[in-house]
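Predicted model only: the values in this text are computed from it and were never measured. Reckoned from all heavy atoms, side chains included, excluding hydrogens, waters and symmetry mates. Order of the sequence lines sets the chain letters (A, B, ...), proteins ahead of strands, with each chain counted from 1.
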Amino acid sequence: MANSETSADTARPWQSYNTVYTNAKAGMEGVDRERVQRIVYEMSKGSQYFKNEERKEAFIREKIENMRARCAKLKPADLDHFQTVADKRILELEATRDLSRIWVHVDMDAFYAAVETLSDPSLKGKPMAVGGMSMISTANYEARKFGVRAAMPGFIARKLCPDLIFVPTDFEKYNHYSSLTRKVYQKYDPNFLAASLDEAYLDVTEVCKEKGTTGEEIAKELRAGVYEVTGLTCSAGVAPNRLLAKVCSDINKPNGQFVLPNNRVAVMTFIFSLPVRKIGGIGKVTEHILKDALGISTCEEILQKSSLICALFSRSAADFFLSVGLAIGGTDTPEARLRKSISNERSFSATGDEAYIYRKLADIAEMLSTDLQKEGLCGRTLTLKLKTASFEVRTRAVTSQKYICSTEDILKHASKLLKAELPISLRLIGLRVSHFDEEKVGAPSDPTQRTLTDYILSGNVLRKNVGNQSSLEMDTNGRCMMHGEEPCLFEDGHQTSRDSLDGNHVVNLDDSKFTLGNFDEKEEVYESTSSVNAETVCVDVQNEDNVLGGVSPLLAAGHSGQFEGSTLDRVNNVTNNHEDVASCSVSQKELLLWLNDYKCSICGIEMPASFVEERQEHFDFHLAEKLQKEESGADSTCMLSQRKPQNPNPKN
DNA sequence: CGGATCACCCGTC
DNA sequence: GGGAGGACGGGTGATCCG
């Protein structure tokens with residue numbers, strides 16, 4: 001073994017190579033950690049990738065040093081002040097606690113691998129991974145015993161487990177099984193949130209009441225149901241909010257469940273012993289920062305060091321951490337959110353060949369344009385992403401007046417951006433379009449758009465008087481994505497949507513909830529406990545600035561920006577969201593048509609989710625039908641022109 | 001000074 | 001034998017501009 005690189009430990013250098021692959025994860029019990037770490041280290045060291053990891057690591061260490069220095073400079077008076085701030089926030093957050101809901105988080109066990117085993121039973125019992133030499137998506141439990149894990153490059157996995165069988169990914173198959181599971185979820189919560197193909201959150205409060213049963217029983221029943229229709233096992237967590245449910249589903253994995261009762265003592269006991277890393281939204285870096293800058297490893301320590309949290313982090317970040325410490329997470333059914341960007345990127349073996357690079361760029365531009373047109377979107381901002389041969393990532397962006405979506409326009413801007421970076425040796429090129437027209441276009445109450453929206457919504461998708469999403473799709477961060485419709489259309493029935501922080505990630509849901517719920521009436525909880533009003537916030541800013549002025553100008557600036565930003569955002573979003581609703585992309589509404597993600601709500605035809613293009617066509621058909629009836633209205637052209645797709649009458 | 005934009009970072013599956 | 005993904009959203013600090 002070589003031990004040149006790291007200075008920390010001369011005998012066992014790999015011990016200081018912090019890889020994510022040795023984290024505690026389901027199925028990792030009994031893994032020879034040291035062996036895994038050593039092999040990963042030896043396969044990695046000296047590579048460009050490894051060097052880049054070291055560079056990043058050094059950067060984080062520096063950041064941590066800065067934070068420690070800032071901590072050290074805090075005087076007792078400052079600490080007092082921040083303790084006061086923290087205590088106040090904790091009280092406010094505590095007031096938002098809602099223990100009345102029962103949430104279930106369902107997580108399929110080694111989903112892709114399990115599906116592959118289902119279609120090829122000979123794989124059963126053998127170590128297997130879905131993915132290729134460059135990257136593994138999922139490994140089955142047999143493979144995990146060797147330390148093989150998701151997100152690990154295949155060639156390292158093979159070294160860890162020479163008999164490992166590789167199976168290429170097949171998303172159509174996973175989609176199919178995913179939709180089968182969702183039909184089961186639907187029965188327990190028609191508004192369930194799909195977090196990914198293999199994960200979902202269900203609010204089973206109502207169904208528990210109806211059936212006079214417990215969350216535990218429901219979870220058992222639901223898992224049995226999933227097994228029945230798919231032959232696949234899953235695990236579940238039952239808890240009063242999503243943040244906790246997610247943690248709980250991991251506890252008895254695979255094919256198990258864990259129930260956290262709806263009482264404060266149980267919840268607090270549970271959260272206190274939990275390492276922060278278990279919380280969704282706290283990854284490797286944040287864990288590292290909390291640990292080495294603040295000495296925080298468990299959730300309990302977050303509360304113990306709440307003054308430091310408030311002193312060092314922005315308000316939104318501090319709020320997130322504090323609510324984690326309090327085990328407060330999302331209990332509402334969040335509104336659908338519209339897509340904000342769309343992107344496409346590809347890796348290839350590093351090259352400096354300009355002709356090749358330009359060709360790749362053109363390919364990606366084309367794929368991106370296709371995706372945009374599929375969604376009927378155009379955007380003003382184009383971002384070029386490059387990863388150099390040394391794994392350094394750069395982004396370069398332009399924003400133009402015009403909304404673009406054609407391959408030519410994209411390529412034109414992208415080439416310009418790329419040109420400025422040449423000469424360069426690259427291993428990845430990506431393009432992203434954002435700043436969609438939705439955000440600007442459309443009067444708040446354009447009658448035509450309203451009509452169309454109503455039309456789509458009226459497709460019998462609505463169920464209970466609260467929440468009408470046929471099924472919300474959440475993005476990878478646990479945020480909710482389209483599929484459903486917009487909050488302000490059902491404001492009246494949707495009052496539950498303003499608890500503090502969504503458990504699944506740091507902040508924004510919180511902000512958007514404010515705005516979407518729009519703060520007129522019915523603000524019981526927040527009104528009294530939190531500084532919702534712009535005036536209050538501004539006063540806070542003044543105070544903070546004054547105090548902070550003597551401590552850390554940098555921090556003070558950060559704080560004030562934060563406050564003002566969020567205030568403004570709220571104001572902006574109130575208007576924007578109304579506009580969004582009115583002008584929401586037709587295609588983004590498309591899924592409203594598919595009951596149970598399967599059956600057209602208008603004509604009843606059945607079409608699985610994987611028939612993407614067929615569905616689009618089918619939707620266009622209904623759209624055209626509808627538009628023909630209504631076409632007399634001139635306003636509709638405005639909308640059609642932005643929405644692009646193959647509608648009967650694309651004007652300009 | 002405030003808003004818009006940019007660049008970069010983090011986290012998730 | 002070398003080889004470390006793709007897509008998305010959010011946060012934040014810097015900088016430019018009017």
Side-chain angles (χ1 to χ4, degrees), chain A residues 19-21 40 43-44 46-50 52-53 56 59-60 63 107-108 111-112 131-138 150-159 169 171 174 194-199 246 277 279-289 313-317 320 337-350 364 367-368 371 380-381 383-385 387 391-400 417 427-428 430-432 434-435 473-481 502 504-512 554 557-562 564-566 568 572:
Chain A
T19 158
V20 295
Y21 305 129
V40 172
M43 306 262 329
S44 305
S47 68
Q48 290 295 335
Y49 174 80
F50 184 87
N52 191 253
E53 287 299 294
K56 288 196 302 195
F59 200 78
I60 292 167
K63 195 169 161 183
D107 193 343
M108 301 300 294
F111 184 53
Y112 299 171
M133 263 326 126
S134 59
M135 195 54 72
I136 284 174
S137 295
T138 317
M152 175 182 274
F155 66 93
I156 290 179
R158 197 177 51 188
K159 188 86 171 181
T169 51
F171 280 96
Y174 314 144
S196 65
L197 283 181
D198 72 321
E199 278 182 44
K246 164 103 180 157
R277 185 64 161 85
I279 303 296
I282 299 185
K284 185 181 127 177
V285 174
T286 309
E287 175 191 35
H288 194 166
I289 290 174
F313 294 103
S314 69
R315 181 185 171 120
S316 58
F320 170 67
R337 314 187 110 227
L338 297 177
R339 177 202 278 289
K340 296 228 169 78
S341 72
I342 188 163
S343 63
N344 209 304
E345 67 192 67
R346 285 290 176 277
S347 290
F348 40 84
S349 41
I364 291 162
M367 290 187 282
L368 182 58
D371 291 348
R380 286 175 54 213
T381 301
T383 306
L384 170 73
K385 175 177 170 182
K387 198 185 275 182
F391 287 87
E392 178 202 347
V393 177
R394 291 183 203 171
T395 57
R396 298 288 180 265
V398 276
T399 302
S400 56
L417 291 173
R427 62 176 353 270
L428 173 144
L431 289 172
R432 175 189 296 210
S434 53
H435 250 108
E473 183 87 21
M474 293 178 76
D475 74 4
T476 52
N477 281 345
R479 283 175 294 254
C480 196
M481 296 287 290
D502 178 86
N504 273 340
H505 84 126
V506 191
V507 249
N508 203 285
L509 257 184
D510 170 50
D511 269 21
S512 53
L554 191 76
H559 264 256
S560 70
Q562 198 56 35
E564 289 162 14
S566 55
L568 251 158
N572 285 337

Candidate nucleotides dG5(C), dC6(B), dG9(C), ranked by approach to the side chain of Met135(A) - the nearest: dG5(C)

Sequence-distant partners of Asn344(A), side chain to side chain donor-acceptor pair (under 3.5 Å), two or more places apart: Arg346(A), Asp371(A)

Give me the distances for all protein-to-nucleotides 8-10 of chain B N/O pairs that come in under 3.5 Å?
| from | atom 1 | to | atom 2 | distance (Å) |
| --- | --- | --- | --- | --- |
| dC8(B) | OP2 | Thr395(A) | N | 3.2 |
| dC8(B) | OP2 | Arg396(A) | NH1 | 3.2 |
| dC10(B) | O3' | Thr286(A) | OG1 | 3.3 |

Contact under 4.0 Å: Arg380(A) side-chain N or O vs dT5(B) OP1/OP2: yes

Residues forming a side-chain contact (heavy atoms from CB on, under 4.5 Å) with Ser343(A), sequence neighbours excluded: Arg432(A)

Residues in side chain to side chain donor-acceptor pair (under 3.5 Å) contact with Lys385(A), at least two apart in sequence or another chain: Glu345(A)

Atom-to-atom span, CG of Leu384(A) to P of dC6(B) - whole angstrom: 13 Å

Pair Lys56(A) + Glu53(A): basic N to acidic O under 4.0 Å: yes

Met367(A) CE to dG6(C) C1', straight-line distance once rounded to whole Å: 11 Å

side-chain N/O Lys340(A) vs dC8(C) OP1/OP2, d < 4.0 Å: no

Integer-rounded Å distance: dC13(B) C1' and Asp107(A) CG: 10 Å

Ser341(A) vs dA7(C): side-chain N/O to OP1/OP2 distance below 4.0 Å: no

Sugar-phosphate, base or nothing in reach of Lys159(A), heavy atoms under 4.0 Å: nothing

Distance, rounded to the nearest Å, where Phe50(A) contributes CZ and dG3(C) contributes P: 15 Å

Listed partners of Thr169(A) passing side chain to side chain donor-acceptor pair (under 3.5 Å), at least two apart: none

side-chain contact (heavy atoms from CB on, under 4.5 Å) evaluation trace for Tyr174(A) with Asp198(A): CA-CA 9 Å; Tyr174(A) 314 144; Asp198(A) 72 321; over 6 Å; no

Sugar-phosphate, base or nothing in reach of Glu199(A), heavy atoms under 4.0 Å: sugar-phosphate

Selected nucleotide, minimal atom distance to Lys246(A) side chain, candidates dA7(C), dT12(B), dG3(C): dT12(B)

Phe59(A) atom CZ: more than 12 heavy-atom contacts under 6.0 Å: no

Below 4.0 Å: OP1/OP2 of dG6(C) and any side-chain N or O of Ser347(A): yes

Contact under 4.0 Å: Lys387(A) side-chain N or O vs dG5(C) OP1/OP2: yes

Those residues that, when tested against Gln48(A), pass side-chain contact (heavy atoms from CB on, under 4.5 Å) (two or more places apart): Lys51(A), Ser390(A), Phe391(A)

Between dG3(C) (P) and Arg158(A) (CZ): distance, integer Å: 14 Å

Integer-rounded Å distance: dC8(C) P and Leu428(A) CG: 13 Å

Phosphate contact (dG6(C) OP1 or OP2) by Asn344(A) side-chain N/O below 4.0 Å: no

Between P of dA7(C) and CZ of Arg339(A), the distance in whole Å: 11 Å

Rounded interatomic separation in angstrom, taking CZ from Phe391(A) and P from dG6(C): 11 Å

5′-ward residue of the pair Ser44(A)/Lys385(A) relative to DNA chain C: Ser44(A)

